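Accompanying notes for the structure given below.
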Amino acid sequence: MTATKRVLVILHQEHSTAGRVGRLLEELGCQLDVRRPRFGDVLPENMVEHAGAIVFGGPMSANDSEKYIREEIAWLSKPLGENKPYLGICLGAQLLTRHLGSKVYKLENGAIEAGYYPIIPLPQAQELTSEENILFPEMVYQWHSEGCDLPYGATLLAEGLTFPVQAYQYGSHAFAIQFHPEVTYMTIDRWTRLGGERLRMPGAKPSSEHLSDWHLYDQNVAQWIKAFLPRWLNNEDSS
């Protein structure tokens, strides 16, 4: 992989970062092109200058009517149409779901996921990093109040108990994951300190469990995302 690879990174908070995912991409020799459409950054007209795109999470909803949300959903036709690798994380997964015509929803009982929760990887998920003998994680960090349906034509990769669709693949280049492999210990500490209101919602784990569970489960997530990213990025269509 050469240092000329640029990866488009779309963030939704003024001070948010690409976290572990950004660091791993830079270690692979990539240049991060960080843009925040919510704060006026313009998205590229095409993906000619980018090897892939990653859309991260945020407190907003893919169902919101704000102009930048509608524009982000429509813009996803660029990486999909040009066969460029796309990775949607949490909100990024839900934006892809809306683009593909499926539903993003809240649960009627108001339950959310905030903390570490078990998911069930399917055999096709394990194939993503089978060459490295790295298994898809079974305990992952969640921070979301909405879930999504599986879009038509997508392949389910992992299931959850509260929100059934936890990861899926669309075509050969696009991936959507509901959980957060980018978070570090410092990220979780900040989210739990600033997200007190969310942690009082049904289904949320106590803040102390977020940090103690990080020590138990983060290593598997870290190994998986480190193995997955080169495979994902090298899936760029060379035609």
Side-chain angles (χ1 to χ4, degrees), residues 6-22 25 30-107 112-114 141-152 154 163 165-168 170-171 173-183 187 190-191 194-195 197-198 201 232-233:
R6 299 177 73 211
V7 176
L8 181 68
V9 170
I10 298 177
L11 301 174
H12 298 97
Q13 296 277 67
E14 187 175 3
H15 301 293
S16 58
T17 72
R20 170 192 284 141
V21 167
L25 287 172
C30 297
Q31 175 190 356
L32 305 185
D33 179 6
V34 177
R35 305 199 192 191
R36 294 176 169 85
R38 180 186 179 192
F39 300 100
D41 290 346
V42 177
L43 294 174
E45 294 184 1
N46 56 57
M47 292 288 293
V48 172
E49 296 182 355
H50 296 88
I54 303 181
V55 179
F56 286 83
M60 59 290 299
S61 170
N63 295 320
D64 288 347
S65 59
E66 278 81 356
K67 181 181 178 182
Y68 75 91
I69 289 289
R70 300 196 310 271
E71 289 179 345
E72 279 192 46
I73 292 172
W75 178 86
L76 294 181
S77 63
K78 307 298 184 182
L80 294 184
E82 297 175 37
N83 290 322
K84 290 296 182 79
Y86 174 83
L87 176 60
I89 297 175
C90 198
L91 176 64
Q94 295 166 3
L95 293 171
L96 177 63
T97 300
R98 286 293 313 276
H99 178 83
L100 296 174
S102 289
K103 185 172 67 173
V104 172
Y105 62 89
K106 294 182 181 292
L107 295 176
I112 72 166
E113 289 184 317
Y141 192 72
Q142 310 271 17
W143 190 269
H144 64 104
S145 60
E146 294 182 310
C148 63
D149 289 341
L150 183 68
Y152 178 79
F163 293 92
V165 177
Q166 287 291 331
Y168 69 81
Y170 183 77
H173 297 80
F175 294 85
I177 55 177
Q178 186 62 71
F179 55 94
H180 289 274
E182 81 279 14
V183 295
T187 308
R190 183 173 69 254
W191 287 5
L194 299 177
E197 181 178 348
R198 175 165 294 205
M201 298 178 70
W232 168 78
L233 192 59

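In this text, all values refer to a predicted model and were calculated from it rather than measured experimentally. Basis for what follows: all heavy atoms, side chains included, without hydrogens, waters or symmetry-related copies.
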Is a donor from one side chain sitting under 3.5 angstrom from an acceptor on the other, for [X] and [Y]?
X: Lys103; Y: Thr97; value: no
X: His12; Y: Glu72; value: yes
X: Gln166; Y: Gln142; value: yes
X: Glu182; Y: His180; value: yes

Heavy-atom side-chain proximity of [X] to [Y] below 4.5 angstrom:
X: Pro44; Y: Lys78; result: no
X: Leu25; Y: Ile54; result: yes
X: Val55; Y: Ile89; result: no
X: Cys90; Y: Phe179; result: no
X: His50; Y: Asp33; result: yes
X: Phe39; Y: Glu14; result: yes

(request) Tell me, please, which residues at least two apart from Ser102 pass side chain to side chain donor-acceptor pair (under 3.5 Å). (result) none
(message) Restricting to side chain to side chain donor-acceptor pair (under 3.5 Å), what partner residues turn up for Asp149, sequence neighbours left out?
(response) none
Which pair of heavy atoms, one from [X] and one from [Y], lies closest together, and at what distance?
X: Ala53; Y: Trp75; result: CB-CH2, 4.0 Å
X: Leu80; Y: Ala174; result: CD2-CB, 3.7 Å
X: Glu71; Y: Lys67; result: OE2-CE, 2.7 Å
X: Tyr86; Y: Gly92; result: OH-O, 2.8 Å

(message) Would His144 and Ile112 count as a side chain to side chain contact (heavy atoms under 4.5 Å, CB included) here? Give the steps.
(response) CA-CA 6 Å; His144 64 104; Ile112 72 166; over 6 Å; no
(request) Take the angle between the ring planes of Trp191 and Tyr141 and call it parallel below 30°, perpendicular above 60°, tilted in between. (result) tilted
[atom2] on [Y] to [atom1] on [X], rounded to 0.5 Å:
X: Leu91; Y: Leu11; atom1: CG; atom2: CG; answer: 11.0 Å
X: Asn83; Y: His173; atom1: CG; atom2: NE2; answer: 5.0 Å
X: Leu76; Y: Leu96; atom1: CG; atom2: CG; answer: 6.0 Å
X: Ser61; Y: Ile69; atom1: OG; atom2: CD1; answer: 7.5 Å
X: Cys148; Y: Gln178; atom1: SG; atom2: CD; answer: 6.0 Å

Side chain [X], main chain [Y], donor-acceptor under 3.5 Å:
X: Arg198; Y: Glu113; result: no
X: Arg98; Y: Ala62; result: yes
X: Arg35; Y: Leu8; result: no
X: Asn63; Y: Val104; result: yes
X: Trp232; Y: Gly52; result: no
X: Glu82; Y: Met47; result: yes

(message) Using side chain to side chain contact (heavy atoms under 4.5 Å, CB included), reason through Thr17 and Phe56 one step at a time and then give a plain yes or no.
(response) CA-CA 9 Å; Thr17 72; Phe56 286 83; over 6 Å; no
(request) Step through the shown structure and confirm whether more than 12 heavy atoms of other residues, nucleotides or ligands are within 6.0 Å of CZ on Phe163. (result) yes
(message) side chain to side chain contact (heavy atoms under 4.5 Å, CB included), that's the test. Do Leu100 and Tyr170 meet it? Break it down for me.
(response) CA-CA 9 Å; Leu100 296 174; Tyr170 183 77; 3.7 Å; yes
(message) Taking the basic N atoms (NZ, or NE/NH1/NH2) and the acidic carboxylate oxygens, is any pair closer than 4.0 Å for Arg70 and Glu66?
(response) no
(request) In plain terms, say whether Glu49 and Arg6 are close enough for a salt bridge, that is, a side-chain N and a carboxylate O under 4.0 Å apart. (result) yes
(request) Decide side chain to side chain contact (heavy atoms under 4.5 Å, CB included) for Met60 and Tyr68; before the verdict, give the C-alpha distance in whole Å, the side-chain angles of both, and the deciding distance to 0.1 Å. (result) CA-CA 11 Å; Met60 59 290 299; Tyr68 75 91; 3.3 Å; yes
(request) Return the set of residues passing salt bridge (charged side-chain N to carboxylate O under 4.0 Å, His left out) with Arg38 (not counting sequence neighbours), or none when no residue passes. (result) none
